[in-house]
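Below is one structure, written out as structure tokens; comments come after it.
Naming convention: chains lettered A, B, ... in sequence-line order (proteins, then strands); numbering from 1 in each chain. What you are looking at is a predicted structure, and each value in this text was computed from that prediction instead of being measured.
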2 protein chains.
Amino acid sequence: MNLRGIHHVGVAVSDLDEAIGTYERLFGARLELRDFLAEQGVEAAALHVGESRIELLAATGGDTPIGRFLAKRGPGMHHVALETGDVAEALRELLASGAQLVDEAPRRGLFGLEVAFVHPDAVHGVLTEVVSGG
Amino acid sequence: MNLRGIHHVGVAVSDLDEAIGTYERLFGARLELRDFLAEQGVEAAALHVGESRIELLAATGGDTPIGRFLAKRGPGMHHVALETGDVAEALRELLASGAQLVDEAPRRGLFGLEVAFVHPDAVHGVLTEVVSGG
């Protein structure tokens with residue numbers, strides 16, 4: 001698969017503003033974008049840390065994907081996103097490799113990116129996103 | 001802090017060879033290095049995924065840091081490593097920012113890298129490594 005590398009690491013947090021402040025203070029992170037996906041119940045901030053990107057994810061309520069993650073595991077690393085030029089092609093290759101997918105077609109994710117998630121069971125417990133652009 | 005970006009994402013796995021095979025098959029990863037740190041009870045593989053790096057970590061026994069992580073949480077993301085030119089200087093800055101550290105001085109980590117860990121309680125649940133070189 002033709003992957004460019006890690007696009008971002010997604011981190012589930014309880015308080016988005018507080019977490020942004022921590023990354024700014026400790027690691028000199030610069031806020032790039034904030035976004036809100038109502039249908040996923042998530043509010044997010046993209047931060048630049050050096051030449052890389054950390055995506056902080058907060059839940060708008062308990063009965064949301066991030067809300068359930070926080071209730072079960074607490075704040076912490078949530079997913080790794082790998083950048084590709086073509087998410088649909090990446091999904092075809094992943095299916096051909098026998099990988100279990102969460103999203104069988106690309107969808108619009110945070111920050112207007114085209115995204116799809118691979119099931120963590122296919123990647124030894126790591127929720128893995130493939131993402132295009134950004 | 002002067003950070004270059006994400007040096008690698010560390011992933012705890014149950015079977016190192018099987019996990020290397022998964023990353024090669026699904027994501028076209030290329031094995032860069034394997035290493036063994038007896039005093040930490042960890043065997044590791046560094047993989048290139050595009051221009052980024054994933055570090056797979058397996059335990060040599062249950063009573064090791066990775067063994068205890070696997071018993072508690074199962075396989076999955078373990079830490080994020082941020083690259084800096086000077087780990088000792090990064091630690092001084094982190095201490096000045098009030099961050100709780102796991103390692104108060106740089107130590108020799110996997111692959112001969114100079115490393116230190118910041119306590120996850122200081123970073124909203126994310127075990128964060130600062131690393132120099134590689």
(request) For chain B, find which of Gly98(A), Ala19(A), Ala96(A) contributes the most heavy-atom pairs closer than 4.5 angstrom. (result) Ala19(A)
(request) Kindly indicate, with the supporting measurements, whether the criterion side-chain contact (heavy atoms from CB on, under 4.5 Å) is fulfilled by Val126(A) and Tyr23(B). (result) CA-CA 11 Å; Val126(A) 177; Tyr23(B) 276 86; 3.9 Å; yes
(message) Can you tell me which of Ala99(A), Gly28(A), Ser97(A) forms the most heavy-atom pairs within a distance under 4.5 Å of chain B?
(response) Ser97(A)
(message) Quick check for you: among Ser52(A), Ala90(A), Pro120(A), which has the greatest number of heavy-atom pairs under 4.5 Å with chain B?
(response) Ser52(A)
(request) For each of Leu127(A), Leu56(A), Val49(A), tally heavy-atom pairs with chain B at distances under 4.5 Å, and name the one with the top tally. (result) Val49(A)
(message) One thing to verify: whether Arg53(B) and Glu32(B) come together as a salt bridge, which I'm taking to mean a side-chain N less than 4.0 angstrom from a carboxylate O.
(response) yes
(request) Against chain A, label Arg25(B) side chain, backbone, both or neither, depending on which of its atoms sit under 4.5 Å from a heavy atom there. (result) both
(message) Taking the side chain as everything from C-beta on, heavy atoms only, tell me whether Val123(B) gets closer than 4.5 Å to Phe27(A).
(response) yes
(request) Under 4.5 Å heavy-atom distance to chain A, tell me which part of Ile54(B) shows up: side chain, backbone, both or neither. (result) side chain
(message) Heavy-atom pairs under 4.5 Å with chain A: which of Leu94(B), Asn2(B), Asp15(B), Val130(B) has the most?
(response) Leu94(B)
(message) Just so I know, are the side chains of Glu114(A) and Val131(A) near enough to count as touching, which here means a heavy-atom distance under 4.5 Å?
(response) no
(message) Between Val87(B) and Leu113(B), is there a side-chain heavy-atom distance shorter than 4.5 Å?
(response) no
(message) Can you tell me which residue among Glu83(B), His79(B), His48(B) is in a side-chain hydrogen bond (donor to acceptor under 3.5 Å, both in side chains) with His8(B)?
(response) His79(B)
(request) Specify which of His124(B), Met1(B), Glu51(B), Glu18(B) makes the most heavy-atom pairs with chain A at under 4.5 Å. (result) His124(B)
(request) Mind ranking Val13(A), Thr84(A), Leu82(A) by heavy-atom pairs under 4.5 Å with chain B and telling me who comes out on top? (result) Leu82(A)
(message) Can you tell me which portion of Val11(B) sits under 4.5 Å from chain A's heavy atoms? Options are side chain, backbone, both or neither.
(response) side chain
(message) Applying side-chain contact (heavy atoms from CB on, under 4.5 Å) to Val9(B) and Ile6(A), what does each step give before you reach the verdict?
(response) CA-CA 9 Å; Val9(B) 173; Ile6(A) 295 171; 3.7 Å; yes
